[in-house]
Amino acid sequence: MSKKAQLYRTFKDKINSYWMLIWLILVVLTPFLIGFGLFYKSSLIFEEHSLTNLLFSTQWKPLAGKFGFYPFIVSSLLITILAVLISGPICLLAAINLTQYAKSFILKIMQPVIDILAGIPSVIYGVWGIIFVVPFISEDIAPLFGIETSGYNIFSAAIVLSIMIIPFILNILIDVFKAIPEALTEAALSLGATHWQTIKKVLLKKAFPGIISAFSLGISRAFGETIAVLMVAGNITKVPTNIFDAGYPLPALIANNYGEMLSVPLYDSALMLAALLLFIIVLIFNLFSRITIARFEKNM
Amino acid sequence: MKKIRKIEEIFFRSMALMSSILIIFALGLIIFSIIKKGFPALSWEMVSQTPKGGFYFGKEGGILNAIVGSLFLATGATFLALIIGLPVALYINVYLIKRVKLVNSIRFLLDVLWGVPSIVYGAFGFAVMIYFGLKTSLLAGIVVVTLFIIPIMVRAMDESLKLVPRGLLESASSLGATKTEIAFRVFLRQSFPALITATLLSFGRAIGDAAAVMFTAGFTDSIPQSLGQQSATLPLSIFFQLSSPIEEVKNRAYAAALVLTVIILIISILSRFLTKRFKKNIIKF
C-alpha cells in the first residue's frame, strides 16, 4: 500500500472519530436540554405562584389565573398505582412460570407475544379500552358494587395501562430470575423443598431487589402514558375519591389543552410545568429502577 | 403437612400457568376486538382517498392523508435516527471499548432517556418551536420523533454490538484496520440482522406515536407536499375520529385502528423474517 493511501486512511479515521464523538455528545446532552427547556418555559409561573400552592391547590381555573395541579397528580398516582397492582402479580407469576416451570413451547409463544404487546401503539390500546374495557366496567363490574358509571374512569384507565406495562415489567423479571444461579435453587430442592417452596423462600428472596426494580420501571412507564389514558380516564377536573370516579391525569391535561394555552396568560407556563413534573417523576422512578437492577446484577 | 405443601405447590403452579395464559389471552382479545370492530367499516375507499367535504360528519372520503403522513413521518424520523444512532452505537462499542466505566454511564443515561414519555418530547418540541416562532410542520414532527426514537435505536443496536466477540476486533486491529474500518466493515456486518431489527423497532415506535406529533406535526386533510407543511398521522386520525359523537365517523376510527394494527404486525413479522435471513452472513465462533 502506498504511503498516500495509508495517510488517507488514518485521516479518514480521525475525521470519523470526531463527528461520531460530536453526535454521541449531542445524544447524551438531550435529557439536559429537555430539562432545561421545560424549566425555562415554566419558570414564569413561579413569579406569581409558589410551588406548594401549585402542587396542592385543587383549584384549576386557568382563566382566573388559578393553577392547582392537585387533582391531576392524584389522578395520575391512583391510575398508576392501580395499574401496577393489577399488572405486578400477573407478571410475577408469569415470569415464575416462564423461568421455573414452563415447557419450551410456552416460552416460544411468549417471546413474540411480549414483543407485540410492546409494539402495539398507545392509541390502539385506547381504542381497545373504549371498545372493550369501558363497557365491561360500566355494564358488568360497577353494578356489582351498586355503582353507576359511564365506564370512563380511573379503573378503566388502570386496566388498559396494566396491559400496556406488562412487556416492560415481564422482560425485566425474566432477566432477573434467569440471573439467579441455578445452584441456589438446586440446593434447596435437594434438601427436600418443593418447587414452590424453593421459589418462595429462595428465588423471590434473592430476586427481591430485581422485582422492585421491575415494578418501578412499570410505574415510570405508566405515569407518562398519554393517549390511551386520555381516551378512557374521563378527564374531569375533580379530585377523584374512588376508582369509579373519572380522573384527569397529568399527561392528559397537557395533551388536551395545548391548543388553547397560548391565548391565556401563564397557561403555557403551567402546562410546561406539568410536562416538567412528569419528566422529573418519570426520571426518578426510572433512575431508581436502573440503579437497583445494576446493584442486583453486581451482587449475583 | 405434606398434603398442604402439595396443595400449595399445585395451586401456585397453576396460578403461574394461568398468568402466562392470561397475558397471551389479553393480546388475543385486543387484536380480536380491533378486527371485529374495524373490519366491517374497512373499505377500499377508506385507504385510497383523502377526506372529502363533510368527512367528519360521516360523508365520503378516507384516511389516505393519515396513512401517507404517518409513513412519511416514520420513514423520515427512522432515517434521521439511523444516521445519528448507528454511528453513536458503533462509537460506543468500537472506539470506547476500553473505557468500560464511561460506556456503562452512557448506557445508563440512554436507558433513562428511553423511559421519558413521548409527551414530554412533544411539549419540549412545542416550547422550542414557540421560542423560535416556528409553525407545526412535517419537519418539526420528524425532528421530535427522531429525538424520541434515538435512545431506543441506540440501545437496541448497542445490545447486539456488545455481543460481537472481542477477538474479532483484535484480529482486525492486528491486520492493520483502522477503527473506522473495524466499525463500519466488521461490526456493522457482524450485527447486521440485529441492526435491522433495531431499525424496524424504531420505525414501529415512530409510526405509533401520538403524543409527540400532536404538538409538532399538526393535522391536515391533504397529503403533505413538502416538509414545511402540516401532516396528518394515523394515531391522531384515530383519536380525533373516535371523539366524534357520530357513529359513522367512529366506525371509521375503528377501521383506521385496524390499519395501524396491521402495519405494526407486518413490521413485527418482517423483523423476525429478516433476522433469520441475514443470520447467515455472520461469522460464527
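Chain identifiers are assigned alphabetically (A, B, ...) following the order of the sequence lines, protein sequences preceding nucleic acid strands; residue numbering begins at 1 within each chain.
- Interface remark: Ile84(B) contributes backbone and side-chain atoms alike to the contact with chain A (heavy atom separation under 4.5 Å).
- Chain B forms the most heavy-atom pairs under 4.5 Å with one residue out of Ile199(A), Leu38(A), Leu92(A), and that residue is Leu38(A).
- Ionic pairing of Glu9(B) and Arg5(B) is not present here: no N-O contact between side-chain nitrogen and carboxylate oxygen is shorter than 4.0 angstrom.
- To the nearest 0.5 Å, the span separating CD1 on Ile263(B) from CG on Leu270(B) amounts to 12.5 Å.
- Looking at Phe285(A), neither its backbone nor its side chain comes within 4.5 Å of chain B, counting heavy atoms on both sides.
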Show every donor-acceptor pair shorter than 3.5 Å between a side-chain atom in residues 89-96 of chain B and any protein atom, with sequence neighbours excluded, or say none if there are none.
unit_1, atom_1, unit_2, atom_2, d
Asn93(B), OD1, Arg107(B), NH2, 3.3
Asn93(B), ND2, Ala89(B), O, 3.0
Asn93(B), ND2, Asp158(B), OD1, 2.8
Tyr95(B), OH, Asp13(A), OD1, 3.2
Tyr95(B), OH, Thr180(B), N, 3.4
Tyr95(B), OH, Thr180(B), OG1, 3.1

Exercise. Output, in order, the C-alpha distance, side-chain angles, deciding distance and verdict of side-chain contact (heavy atoms from CB on, under 4.5 Å) for Arg272(B) and Asp115(A).
Key: CA-CA 11 Å; Arg272(B) 258 157 220 290; Asp115(A) 288 349; 2.7 Å; yes

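- Interface summary for chain B: among Ile166(A), Leu33(A), Thr30(A), Leu21(A), the most heavy-atom pairs under 4.5 angstrom belong to Leu21(A).
- With a 4.5 angstrom heavy-atom cutoff, Ile124(A) touches chain B via backbone and side-chain atoms both.
- Contact of Met20(A) with chain B is made through backbone and side chain together, with heavy-atom distances under 4.5 Å.
- Interface remark: Phe279(A) contributes backbone and side-chain atoms alike to the contact with chain B (heavy atom separation under 4.5 Å).
- At a 4.5 Å heavy-atom cutoff, the contact between Leu230(A) and chain B is made by side-chain atoms alone.
- Note: Tyr40(A) and Tyr131(B) have perpendicular aromatic rings, judged against thresholds of 30 and 60 degrees for the angle between ring planes.
- With respect to chain A, the highest number of heavy-atom pairs below 4.5 Å among Ala16(B), Ser243(B), Pro87(B), Gly208(B) belongs to Ala16(B).
- Ranked by heavy-atom pairs shorter than 4.5 Å toward chain A, the options Val128(B), Thr261(B), Leu236(B), Ile119(B) are led by Ile119(B).
- When heavy atoms are compared at a cutoff of 4.5 Å, Ile130(A) approaches chain B solely by way of its side chain, counted from C-beta outward.
- Contacts of Ser17(A) with chain B are made by both backbone and side-chain atoms, with heavy-atom separations under 4.5 Å.
- Contacts between Ser268(B) and chain A at a heavy-atom distance below 4.5 Å involve the side chain alone, from C-beta outward.
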Quiz item: After noting the C-alpha distance and the side-chain angles of Glu225(A) and Arg221(A), does the key distance pass the salt bridge (Lys or Arg N to Asp or Glu O under 4.0 Å) rule?
Solution: CA-CA 6 Å; Glu225(A) 192 38 65; Arg221(A) 276 282 148 181; over 6 Å; no

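- At a 4.5 Å heavy-atom cutoff, Phe223(A) makes no contact with chain B through either its backbone or its side chain.
- The side-chain heavy atoms of Met110(A) and Leu170(A), taken from C-beta on, include a pair separated by under 4.5 Å.
- For the set Leu26(A), Ile116(A), Leu283(A), Thr10(A), the count of heavy-atom pairs under 4.5 angstrom toward chain B peaks at Ile116(A).
- Heavy-atom distances place the side chain of Lys37(B), and not its backbone, under 4.5 Å from chain A.
- Counting heavy atoms from C-beta outward, Phe239(B) and Val127(A) have side chains that stay 4.5 Å or more apart.
- For the pair Arg290(A) and Phe108(B), the cation-pi criterion (under 6.0 Å, within 45° of the ring axis) is not fulfilled.
- For Ile30(B), the parts lying near chain A are the backbone and the side chain together; criterion is any non-hydrogen pair under 4.5 Å.
- Heavy-atom distances place no part of Phe11(B) under 4.5 Å from chain A, backbone and side chain included.
- Proximity to chain A (any heavy atom under 4.5 Å) is restricted, for Leu110(B), to the side chain, taken from C-beta onward.
- Per-residue heavy-atom pair counts under 4.5 Å with chain A were compared for Arg205(B), Met18(B), Arg13(B), Lys36(B), and the maximum is reached by Arg13(B).
- Interface residue Ala193(A): only backbone heavy atoms are found under 4.5 Å from chain B.
- Inspection of the Gln241(B) and Ser237(B) side chains reveals an N or O donor paired with an N or O acceptor under 3.5 Å.
- For Lys200(A), the part lying under 4.5 angstrom from a heavy atom of chain B is the side chain only.
- For a residue to count as touching a neighbouring chain, one of its non-hydrogen atoms must lie under 4.5 Å from one of that chain's; by this rule Val282(A) touches chain B with the side chain only.
- Heavy atoms closer than 4.5 Å to chain B are found nowhere in Leu276(A), neither backbone nor side chain.
- Between Ile63(B) and Arg252(B), the closest side-chain pair of non-hydrogen atoms is not below 4.5 Å.
- For Ile83(B), the parts sitting under 4.5 Å from any heavy atom of chain A are the backbone and the side chain alike.
- For the pair Pro235(B) and Leu260(B), the minimum side-chain heavy-atom distance is below 4.5 Å.
- Interface remark: Ile254(A) contributes backbone and side-chain atoms alike to the contact with chain B (heavy atom separation under 4.5 Å).
- Ranked by heavy-atom pairs under 4.5 Å with chain B, the list Tyr125(A), Tyr101(A), Phe168(A), Phe132(A) is led by Tyr101(A).
- Looking at residues two or more places apart in sequence or on another chain, you find no salt bridge (charged side-chain N to carboxylate O under 4.0 Å, His left out) involving Arg99(B).
- Listed here is the closest heavy atom pair of Gly115(B) and Asn286(A): CA-ND2, 3.2 Å.
- With a 4.5 Å cut-off on non-hydrogen atoms, Ala274(A) does not touch chain B at all.
- Taken from OG in Ser271(B) to CZ in Phe203(B), the straight-line distance is 12.5 Å, to the nearest 0.5 Å.
- Note: Ile23(B) leads Leu258(B), Ile23(B), Ile21(B) in heavy-atom pairs under 4.5 Å with chain A.
- Checked against Phe148(B) for a ring-ring contact (aromatic ring centres under 6.0 Å, His included), the options Phe215(B), Tyr121(B), Phe124(B) give a single hit: Tyr121(B).
- When heavy atoms are compared at a cutoff of 4.5 Å, Ile24(B) approaches chain A by way of both its backbone and its side chain.
- Contact count against chain A (heavy-atom pairs under 4.5 Å) is highest for Ala123(B) among Gly85(B), Ala123(B), Pro151(B).
- Neither the backbone nor the side chain of Ile10(B) has a heavy atom closer than 4.5 Å to any heavy atom of chain A.
- No side-chain N or O of Thr216(B) forms a donor-acceptor pair with one of Thr136(B) less than 3.5 Å apart.
- For chain A, the nearby parts of Leu27(B) are the backbone and the side chain; heavy atoms of each come within less than 4.5 Å.
- Chain A forms more heavy-atom pairs under 4.5 Å with one residue of Leu147(B), Leu242(B), Ile150(B) than with any other, namely Leu242(B).
- With a threshold of 4.5 angstrom between heavy atoms, Leu22(B) approaches chain A through side-chain atoms but not through N, CA, C or O.
- Using cut-offs of 30° and 60° on the angle between ring planes, the pair Trp23(A) and Trp19(A) is perpendicular.
- A parallel orientation is assigned to the rings of Phe12(B) and Trp196(A), their planes being inclined by less than 30° (bins at 30° and 60°).
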